[in-house]
Visitor: 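Sharing a structure below in structure tokens format, with a few things to ask.
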Amino acid sequence: MSISLEIKNLSKSFGGIVAVEDLTFNIKSGEVMGIIGPNGAGKTTVFNLITGVYQPTKGQIIYKGKDITGHQPDEIVKLGIARTFQNVRLFKNLSAMENVVTALDLKNPMYNLASTFFLNWPFIPGKVKRCEKELREKALHFLDLVGIADHAQKQANALPYGLQRKLEIARALALEPELLLLDEPAAGMNPEESMELSRLIKEIQQKLNLTVFLIEHHMDLVMEICDHLYVINFGRELAEGNPEEIQANPAVLKAYLGEGRKGA
Amino acid sequence: MYIQVVIILCMINAISAVGLAVFTGFTGLMSLGHAAFMAVGAYTCAIATKTFGIPFIIALPMSALMAGLVSLIIGIPTLRAKLRSDYFTIATLGFGEAMRVILENLPITNGARGMAGLAHYSVLPTVTVIFVIVVFFTKNFIFSRYGRMAVAIREDHIAAEMAGINLFQVRLRSLFYSAACAGIGGALMAHHIRFIQPNMFTNVQSTLLTATVVAGGMGSITGPIIAAFIFVMVPEVLRVAEMWRLVAYGALLVAIMVLRPQGIMGYREFSINGIIRYFRNLGTKQDKGGTVS
Amino acid sequence: MNFSLIFQTLVTGLAIGGIYSLMAVGYSLIFSILNFSNFAYGMVIMLASFMGYFAMSKLHVGMGVALFLAMIGAGALSFFNERVAYSSLRKRHAPPLYFMISAMGTAIFLENMVYATIGSQYNAYPQIFEVPTVTIFGASLGKMDLFAIVFSVIAIYGLNYFIQHTRTGISIRAASYDSTVAEINGVNLGAVIGLVFVLAGLFAGISGVFLGIKYMAYPNMGWITNKAYVAAVIGGLGSLPGAVVGGIILGVLESFVSVYVSSTLRDVFSFGTLIIFLVFMPSGLFGKYLEEKV
């Protein structure tokens, strides 16, 4: 398997406070990799660094052999990395459909500025109207993929929280990425919902041949779908390995269960 | 005829307001320097027609283009730097002030005395045709992939970036478009009043435009048009003195923000379906005005 | 180069810089706590200038009393500005754009209220010193300028002491660092914000009177009160030492530009500086540029 993303000695500090320090790991193409760690360990910072929201203080990020360190978020997305956010960031006042259509534009720019101005007359079918219709059909496909096609016309912030998370995934998928970063996709879900979500993620990953990198606190979900895990604590690497190895790793147990349980 | 003059004024204001609506309402950035773009349009058109004898039909698009180009001077550095929204607003305010001082000191603009005796091109049929064209283009622009990108930025600029949208490009495009509209508004104004002076284009003018867009509803085109008409007509009908008008606009802006931030139309457009929907939703929908957490 | 002219230009610059500092401090205080640009602040300064004028010319009080009255008046005005125009926005967590629009509305309202009721004429303060200048090192310096410098220093020092060393001051600092956390920890946010607006108003009062003495009182003072945020941006928005230093730098630079380059270009220069700072150094000399959290 080829390597999708290489992280080399990645560090980020905010005004003297170190958020992540010297992280090095690889994500192989086609695998589901999980990054876990206690709250405040720096997981979301890793995502923000990969997607260019923050610039790293030190280190390199290499995607498919190309150094993307310091690139702008939109450039990184164009290269094939999409993400969701821990605290769902949708275009709230737009419908679910429009949320997805917005993202579709990246890989499907269907008409140019001149046609926008001159080829869209009231009551007359034209290029712009045709393209918009096509985009909506395409968007429906992505909504269907996460199972929320029925809610296509609803305003995004009127959707229940769980569906908002799914909509965010649909929007990320509409960017037609090769690497998908999911930031706590099951946050706020009960165990049943999170297991259902894990099946959905696995299914989509296989159907679209994606590489998935996810942050998650639901350990059953993580153990269920991740091929590989990377554990960080206080911004530093703690362990790396497959789920079985991680579950048996004493350092990880200590970080998660605390000093008090050490002897137990 | 008096009524014609009022309607012409309404449409001229609506042209500038529609332009600003694209920028403030749909891209989510506030400008307090749009009077500067109106000034650039007005002066370009006046100088072109009066000094160089260029026909109005060519001078008008030139004004739009010139206002658009001038907007790049402020837009490129500030938007590239991805300034926080309020820093951007302060920059536009400073730009507007600086622009006025420059106009007061250039020989070609005849300094603070201004330019008088401009030809009377802004007659009702001309203004109406231009108004319709501007509204048509704006509608097409907003309800397109370009408008969608702008709205995405207004809704959540970080999510928009992560949807592959280039903030700089989209914001600059909106700014250019809105400045061009303001330029046309200014040019028409110049050939309506037939006299221009730098102090006609102060930040009060900019704020009035913003007030029009806010009152009409940020996220609507028809809203600001309606508001532009109301803002011109009501004081005309009531014969209110200029400063009392401004007192009322100031109070109105605060009242809108405090009581009804979505303005007249909110994110909706004026249409038959819209009216039905509007009355159905009345009272059930509240603007929550969420912040970035 | 003429030494006494340079010296005179410097002192004039320091005097106006001191006033800019006062304005920038008030403006920055509000910015630091509500994180938005209060465009209405300039109009509070303008009204303070009128209050000082009326106190001195109509009530025939001395400058000290006039200063005091203007500070009280501007403090109250600033307080009501917050209660009417911002507090409900704050409570429903409205986006910064709404605050700015509300502030702009307040500014237009106040400015035109003055136009409509008092009129647009320039109102000169009564003369304060019989001999308005003293000669030091061959330069003729305005006594009022010297007084403004001294008084500005005292006022800013006083504010700094209050914020650094009193319980209330600590609450203000806590709230400006993170208002939500401060509120959870028992800081009465409404009261603290009210107090900040009053403090800012006091500074508006002082600067308004000094501006009025120097340039007269008139409604169209916005061109000069706008310098408050130019100064604040140079120093770093939200930073009090920054506001002071920014104000002084701006005042001195302007003074030299108008003497040695051109007085008409002074404002273009200031706003040019503003834009250059915003673009290349958005955190100014002392401030922190607040990146939005993801």
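Every chain is numbered from 1 and lettered A, B, ... according to where its sequence line falls, protein lines coming before strand lines.
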Visitor: Tell me, yes or no, whether the heavy-atom count around I57(B) atom CD1, taken from other residues, nucleotides or ligands under 6.0 Å, exceeds 12.
Guide: no
Visitor: Report which part of L135(A) has an atom under 4.5 Å of a heavy atom belonging to chain B: side chain, backbone, both, or neither.
Guide: side chain
Visitor: Quick one: do K138(A) and E176(A) satisfy salt bridge (charged side-chain N to carboxylate O under 4.0 Å, His left out)? Show the steps, please.
Guide: CA-CA 12 Å; K138(A) 224 174 188 144; E176(A) 299 175 22; 5.1 Å; no
Visitor: Please classify the contact between P109(A) and chain B as side chain, backbone, both or neither, with a heavy-atom cut-off of under 4.5 Å.
Guide: both
Visitor: Got more than 12 heavy atoms from elsewhere within 6.0 Å of NZ, K133(A)?
Guide: no
Visitor: Highest number of heavy-atom pairs under 4.5 Å with chain B: which of L113(A), L94(A), L90(A)?
Guide: L113(A)
Visitor: Please confirm whether K12(A) makes a cation-pi placement over F14(A), using NZ or CZ under 6.0 Å from the six-membered ring centre and within 45° of the ring normal.
Guide: yes
Visitor: Supply the atom-to-atom distance L181(A) CG to T211(A) OG1, rounded to the nearest 0.5 angstrom.
Guide: 10.0 Å
Visitor: Please state whether the side chain, the backbone, both or neither of E168(A) comes within less than 4.5 Å of a heavy atom of chain B.
Guide: neither
Visitor: Sort out for me which of L106(A), T51(A), T116(A), L119(A) touches chain B most, counting heavy-atom pairs under 4.5 Å.
Guide: T116(A)
Visitor: Going by the angle between their ring planes, with limits at 30° and 60°, are Y121(B) and F56(B) parallel, tilted or perpendicular?
Guide: parallel
Visitor: Using non-hydrogen atoms and a 4.5 Å limit, figure out which bit of Y146(B) sits close to chain A: side chain, backbone, both or neither.
Guide: side chain
Visitor: For N112(A), is it the side chain, the backbone, both, or neither that has a heavy atom closer than 4.5 Å to a heavy atom of chain B?
Guide: both
Visitor: Salt bridge or not between R136(A) and E132(A)? Use side-chain N to carboxylate O under 4.0 Å.
Guide: yes
Visitor: Can you list the residues of residues 164-184 of chain B that sit under 4.5 Å from chain A, counting heavy atoms only?
Guide: G164(B), I165(B), N166(B), R173(B), Y177(B)
Visitor: Which one wins on heavy-atom pair count under 4.5 Å against chain B: V101(A), V128(A), T84(A)?
Guide: V101(A)
Visitor: Considering residues at least two apart in sequence or located in another chain, which fulfil the side chain to side chain contact (heavy atoms under 4.5 Å, CB included) criterion with A159(B)?
Guide: F85(A), R89(A), F91(A), R171(A), D156(B)
Visitor: For the NZ atom on K78(A), are there more than 12 heavy atoms of other groups (residues, nucleotides or ligands in this structure) within a distance under 6.0 Å?
Guide: yes
Visitor: Tell me whether the count of non-hydrogen atoms from other residues, nucleotides or ligands lying under 6.0 Å of CE in M11(B) goes above 12.
Guide: yes
